[in-house]
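What follows is a set of notes on a single structure, which appears directly below.
Residue numbers begin at 1 in each chain, while the letters A, B, ... track the order of the sequences.
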Amino acid sequence: MTSEARRRAMTEAVAPATDVPPFRYTAALAGEIETRWQRYWQERGTFHAPNPTGPLADPDHPRAGAEKLYVLDMFPYPSGAGLHVGHPLGYIGTDCYARFQRMAGRNVLHAMGFDAFGLPAEQYAVQTGTHPRTTTEANIERYKAQLRRLGLAHDDRRSVATIDVEFYRWTQWLFLQIFNSWYDTDARRARPVAELVAEFESGSRPTPDGRPWAELDPAERRRIVDDRRLAYVSEAPVNWCPGLGTVLANEEVTADGRSERGNFPVFKRNLKQWMMRITAYGDRLLDDLELLDWPEPIKLMQRNWIGRSTGAHIDFPTAAGTPVRVFTTRPDTVFGATYMVLAPEHELVDALVPAAWPAGTKDAWTGGYASPRAAVEAYRKAAAAKTDVERQADAKEKTGVFVGAYATNPVNGAPIPIFVADYVLAGYGTGAIMAVPGQDERDWAFAEVFDLPIIRTVQPEEGFDGKAYTGDGPAINSAAPEHGLDLNGLGVTDAKARIIAWLEANGHGTGAVTYRLRDWLFSRQRYWGEPFPIVYDADGAAVALPESMLPVALPEVDDFSPKTFDPEDANSDPETPLSRRRDWVEVELDLGDGPKRYTRETNVMPQWAGSCWYELRYLDPTNAETFVDPVNERYWMGPQGEGDCGGTDLYVGGAEHAVLHLLYSRFWHKVLYDLGHVSSVEPYRRLFNQGMIQAYAYVDSRGTYVPAEEVVERDGGYFHGDVEVRREYGKMGKSLKNVVTPDDMCEVYGADTFRVYEMSMGPLEVSRPWETRAVVGAYRFLQRVWRTVVDESTGELRVTDTPADEPTRRLLHRTVDGVRGDMAGIRFNTAIAKLIELTNALTKLPATPREVAEPLVLMVAPFAPHIAEELWQKLGHAGSLAYADFPVADPALLVAESVTYPVQINGKVRGRIEVPADAAEADVRAAALEAVAGSLAGKEPRKVIVVPGRMVSVVA
RNA sequence: GCCGGGAUGGUGGAACGGCAUACACGGAUGUCUCAAAAGCAUCUGCCCGAGAGGGCUUGCGGGUUCGAAUCCCGCUCCCGGCACCA
């Protein structure tokens with residue numbers, strides 16, 4: 001007995017196939033059809049999209065030179081757990097959209113790659129000793145197999161992974177582009193560093209201290225240039241996470257001061273790290289949001305993250321000689337500044353602190369210390385020891401200490417005490433504020449604690465009984481006639497303008513803009529990431545490797561783990577895995593001035609690096625000369641006319657990347673644009689956030705999760721066997737025992753059914769619960785589609801060449817019209833509902849007219865491509881329908897012959913009339929009144945409204 | 001606290017200011033069968049009523065309108081983001 005025969009015998013013993021019609025569309029048949037067509041597509045390269053130039057060009061392709069469409073998914077991190085049914089939702093959505101657009105005549109680029117550097121593979125490597133590459137590549141293969149089974153129409157020649165040396169070679173190249181650039185604030189764009197040096201050399205740009213360039217020594221020159229680079233090394237407060245042994249970007253730290261990955265405490269530490277000058281692009285990242293077709297909430301999140309605020313810098317003179325410069329959005333309230341606050345880390349604090357408390361120091365200001373120095377030291381120490389969580393918990397209660405010195409208010413010469421307090425952040429603005437309790441709630445709270453005066457400088461509205469008044473109103477108490485300054489009576493906006501003009505005229509300050517956005521911390525003390533193409537010379541200065549030395553391959557190491565520490569040990573120091581490979585770190589290179597000893601950078605890039613530009617590599621994945629040929633970039637992503645920013649035509653992914661990936665990627669793209677490497681201003685023109693598929697999980701009384709698939713609902717409760725369990729709702733996960741995989745669904749129903757179900761369960765952008773038992777609805781639908789074409793018992797075609805009857809034909813054209821609109825608008829659930837209605841109408845006919853069967857099959861194809869290909873072939877067509885024309889509705893058949901008008905009396909439907917579509921309004925009115933004559937009971941209607949084609953409304 | 005998004009049958013969801021509940025799941029009944037499953041057919045928002053029929057219904061309360069799930073105002077609850085940003 002062959003194994004095949006044995007398997008069949010076993011199957012039959014369990015479920016005798018005796019009376020299942022032999023040609024029914026079953027899961028087994030679906031599986032057979034699906035593998036066959038997947039092989040067909042792969043062998044013929046059906047979904048290869050032709051490039052205009054290069055190795056992927058194909059002038060004979062049916063869509064060569066056609067209108068392009070670039071559809072993109074946020075590429076996945078291939079985790080060891082594999083895919084569950086939630087993951088492919090977006091991928092199926094883009095596939096349906098792409099298949100539709102391809103049939104509608106566009107040249108569609110749709111590919112899938114892998115964001116494959118990252119922490120989990122590295123952590124697994126630390127635990128097991130398995131090389132992260134081994135795990136990651138195995139996971140990628142698993143993902144590919146799972147995705148392949150879904151029948152996604154990707155151009156597989158364009159699949160890339162960020163861990164491929166041929167890919168990260170270009171990531172490193174892009175890093176060098178950024179490193180070798182500076183931001184010209186006058187031209188508002190990045191330019192090569194070489195041009196900056198040329199300007200210094202020629203003298204057209206003065207050096208910072210005015211000495212000629214030629215008189216500076218090499219170290220001074222290098223410092224001047226390095227200070228302007230878009231990628232730079234800085235010793236700055238960073239988020240140090242001892243538990244992970246690495247530093248993290250602001251965006252990777254949660255609101256409660258813990259690491260997004262691993263949930264370890266994060267501490268602020270001054271450490272030398274690589275930074276990206278994303279703040280230089282703050283304005284453009286903000287302004288260009290206008291050009292994007294993105295969901296408004298996502299734009300808003302980016303706006304808030306960038307956090308542009310306009311106001312002024314004001315200098316407050318001090319006895320220390322150097323004035324304290326503050327940033328304020330309310331320069332109009334400067335007359336109300338009754339004290340100042342510096343962040344504990346502010347560099348001027350030490351210079352300001354005197355030996356002893358000055359006369360008149362209030363007890364509350366000293367913190368109980370004998371000298372200002374002791375008080376400040378103690379306060380600093382306490383502030384530094386606070387985690388972000390503690391800072392937030394303490395946010396309501398204002399703390400601080402007087403530094404023992406006064407500053408002078410430049411508008412009226414008033415002496416005002418200077419404090420340090422942790423409610424002022426070192427990293428924002430200038431790290432110092434003028435405190436105006438009358439118009440700021442935080443300052444008011446501080447003033448109450450420290451018994452500081454409060455001066456209102458804006459007249460509150462009538463009836464205002466609060467504390468600080470932040471609304472608009474006329475300025476009061478705001479005049480210094482001796483300085484020619486009077487703001488009194490002006491509204492906030494006018495007062496701001498006048499004070500800024502005064503400050504600038506008198507040299508006390510300037511109008512200014514600051515951002516919440518910080519420069520992007522770009523180095524990680526990990527193993528599994530892109531090495532930097534950077535070495536350090538004998539002086540410790542960073543030197544870029546020339547392009548010819550790329551790629552810098554990630555070396556093998558024995559120990560993949562960075563040194564990790566007690567998660568609470570804030571004073572630990574990072575040690576990278578690469579630093580232990582001394583033979584790799586120490587190299588002799590000839591960088592143009594003879595062989596010298598260098599040490600390599602041992603940090604690696606963060607996981608975001610690869611995802612900052614992968615969409616560009618899909619365009620030209622095999623190009624060895626450049627990261628993407630400009631001709632290919634311009635075709636697929638270039639601006640589509642005046643004022644268009646270019647970019648991908650559709651980008652689908654989860655809203656969780658609203659700021660991280662989407663901001664970083666926009667930043668890199670703009671640098672590339674400035675340097676002339678791409679023609680598009682933005683990487684992703686249209687963004688669509690797909691919802692999440694979540695699932696129920698069930699817990700018993702001990703708090704243990706029970707397998708969700710074994711739970712039954714009865715008597716208004718949920719039971720696992722006899723045990724009542726509690727239902728929870730959330731993500732799918734192994735530990736919650738509620739994972740359902742696409743493989744399961746393909747096994748039981750087939751990929752087409754799974755696809756149709758996911759697309760029909762609701763709008764793509766909405767999150768919703770998974771319900772396995774509802775999948776059968778999609779299965780039944782496809783069975784009915786199958787039956788309209790194929791006789792289940794004979795396998796014969798059920799299709800006739802007799803023309804369709806009028807109602808069926810009209811239904812078809814209405815369906816075509818509706819489905820086209822729904823497909824273009826990404827409303828797949830309603831498109832499928834319309835296809836179901838058409839199919840249900842066909843099943844009632846004795847035979848299916850070919851003129852309906854063919855368009856039905858074509859319209860089903862984007863959702864259920866395998867069964868559609870099979871039926872298309874059975875209908876007598878050779879080859880694939882991937883490039884067949886999507887049906888077009890005949891407008892003449894969309895206008896109804898007769899219309900049913902509901903007739904309302906006082907807003908309630910009391911009758912209906914059926915009239916010819918072209919009936920005159922008066923006739924409709926007459927017919928309507930006659931139809932509801934009974935309900936009116938002889939009363940004369942006060943008013944009759946006829947909405948043509950819609951309804952009749954009678955006011956009685 | 002601030003900013004976004006949401007709330008429609010038992011469930012997922014339809015509905016240019018114009019017939020609320022399309023389509024699907026679940027449920028009921030029937031058909032086929034020795035039986036069951038699958039498939040197919042009919043019914044299925046809620047309340048009253050034997051029935052004919054009537055009343056009510058889009059989170060809650062107001063408003064605009066001939067007409068509101070949809071527009072406006074005020075609340076409640078749920079989800080997401082930010083959180084001393086001067």
Side-chain angles (χ1 to χ4, degrees), chain A residues 15-17 19-21 24 26 255-256 295-301 303-305 307-309 311 326-330 333 341 388 391-392 394-398 421-425 427-436 439-443 445-446 514-518 655-656 658-659 692 713 716 756-757 760-763 765-781 783-784 787 792 827 829-837 840 843-844 900-909 911-912 941-947 949-956:
Chain A
D19 42 8
V20 171
R24 171 164 292 173
T26 59
D256 53 352
E296 231 16 82
I298 301 289
K299 287 191 187 183
L300 195 64
M301 280 164 71
R303 279 190 198 107
N304 291 341
W305 190 264
R308 176 162 66 192
S309 39
V326 303
F327 173 75
T328 176
T329 55
R330 294 294 304 276
T333 64
V341 183
D388 283 4
R391 269 181 90 113
Q392 261 168 57
D394 300 343
K396 275 168 238 118
E397 207 165 307
K398 293 284 177 286
D422 64 358
Y423 84 94
V424 170
L425 309 175
Y428 184 76
T430 61
I433 62 159
M434 62 175 202
V436 186
Q439 274 81 228
D440 185 286
E441 284 159 16
R442 296 154 301 183
D443 296 345
F446 189 90
T514 56
Y515 300 88
R516 201 190 86 106
L517 180 69
R518 285 297 109 76
E656 66 273 19
V659 283
M692 241 191 309
E713 186 179 357
V756 169
Y757 173 65
S760 68
M761 61 199 290
E765 64 271 27
V766 172
S767 294
R768 69 214 93 163
W770 175 260
E771 194 177 10
T772 296
R773 65 178 182 178
V775 179
V776 70
Y779 183 58
R780 288 176 190 149
F781 163 55
Q783 285 185 326
R784 291 198 296 276
R787 259 202 310 274
E792 286 191 330
R827 295 184 299 269
N829 54 328
T830 50
I832 290 172
K834 292 177 174 90
L835 292 172
I836 292 173
E837 285 181 279
N840 290 351
T843 55
K844 293 182 174 67
T900 306
Y901 282 81
V903 184
Q904 289 184 348
I905 298 178
N906 294 339
K908 294 207 184 303
V909 178
R912 280 165 223 287
R942 284 199 285 146
K943 197 171 176 186
V944 180
I945 295 147
V946 178
V947 187
R950 285 282 171 199
M951 63 153 20
V952 182
S953 185
V954 179
V955 189

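The separation of B:G26 from B:C72, taken at their P atoms, amounts to 39 Å, rounded to a whole angstrom. Atom C1' of B:U29 sits at a distance of 39 Å from the matching atom of B:G67, rounded to the whole Å. Rounded to the nearest Å, the gap between the C1' atom of B:C47 and that of B:C2 is 44 Å. Taking the C1' atom of each, B:C71 and B:G18 are spaced 15 Å apart, rounded to whole Å. The separation of B:A35 from B:G53, taken at their C1' atoms, amounts to 43 Å, rounded to a whole angstrom. B:G59 and B:A7 are spaced 6 Å apart, taking the C1' atom of each and rounding to whole Å. Between B:U76 and B:U57, the two P atoms lie 24 Å apart (nearest whole Å). Remark: the separation of the P atoms in B:A68 and B:C19 is 11 Å, to the nearest Å.
In this structure, A:Met951 reaches the bases: a heavy-atom distance under 4.0 Å links it to at least one base atom across the strands shown. When heavy atoms are screened at a 4.0 angstrom cut-off, A:Val955 is found touching the sugar-phosphate backbone but no base atom. No contact: A:Thr514 has no heavy atom under 4.0 Å from any strand. Residue-level contact check: A:Ala774 touches the backbone only, with heavy atoms under 4.0 Å from sugar-phosphate atoms and none from bases. Within 4.0 Å (heavy atoms only), A:Arg787 reaches sugar-phosphate atoms of the nucleic acid but no base atom. Within 4.0 Å (heavy atoms only), A:Ile836 reaches sugar-phosphate atoms of the nucleic acid but no base atom. Contacts of A:Leu425 with the nucleic acid, taken as non-hydrogen atoms under 4.0 Å apart, include base atoms. At the heavy-atom level, A:Glu792 lies nowhere under 4.0 Å from the strands shown. Counting any heavy atom pair closer than 4.0 Å across all strands shown, A:Glu837 reaches sugar-phosphate atoms only and no base atom.
Counting to the nearest Å, the P atom of B:C3 and the CD atom of A:Glu296 are 16 Å from each other. Between the CZ atom of A:Arg827 and the C1' atom of B:C16 there is a distance of 11 Å, rounded to whole Å.
Regarding contacts with the backbone of B:G67, every side-chain N or O of A:Arg950 stays at 4.0 angstrom or more from both OP1 and OP2. Within the structure, a side-chain polar atom (N or O) of A:Asn840 is placed less than 4.0 Å from OP1 or OP2 of B:A24. Regarding contacts with the backbone of B:A24, a side-chain N or O of A:Arg784 is found under 4.0 angstrom from either OP1 or OP2.
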Below 3.5 Å is the cut-off: list the nitrogen or oxygen pairs between protein and nucleotides 5-13 of chain B, distance only.
| residue | atom | partner | partner atom | Å |
| --- | --- | --- | --- | --- |
| B:G12 | O2' | A:Met761 | O | 2.7 |

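A search for salt bridge (charged side-chain N to carboxylate O under 4.0 Å, His left out) contacts involving A:Arg516 returns nothing, not counting sequence neighbours. Taking A:Thr900 as the reference, A:Glu914 meet the side-chain hydrogen bond (donor to acceptor under 3.5 Å, both in side chains) condition, with sequence neighbours excluded. With sequence neighbours excluded, the residues satisfying side-chain hydrogen bond (donor to acceptor under 3.5 Å, both in side chains) with A:Arg784 are A:Asn840. When the salt bridge (charged side-chain N to carboxylate O under 4.0 Å, His left out) test is applied to A:Lys834, the partners found at least two apart in sequence or on another chain are A:Asp822.
Scanning atom types as modelled, one donor and one acceptor separated by under 3.5 angstrom connect the side chain of A:Lys398 and the base of B:C84. A donor and an acceptor atom never sit less than 3.5 Å apart when one is taken from the side chain of A:Arg942 and the other from the base of B:C66.
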Quiz item: What dot-bracket string describes RNA chain B from 5' to 3', counting Watson-Crick and G-U wobble pairs whose defining distances are under 3.5 Å, with [ ] for crossing pairs and | for pairs to another strand?
Solution: (((((((..(((.....[....)))((((((.......))))))((((....))))..(((((..]....))))))))))))....
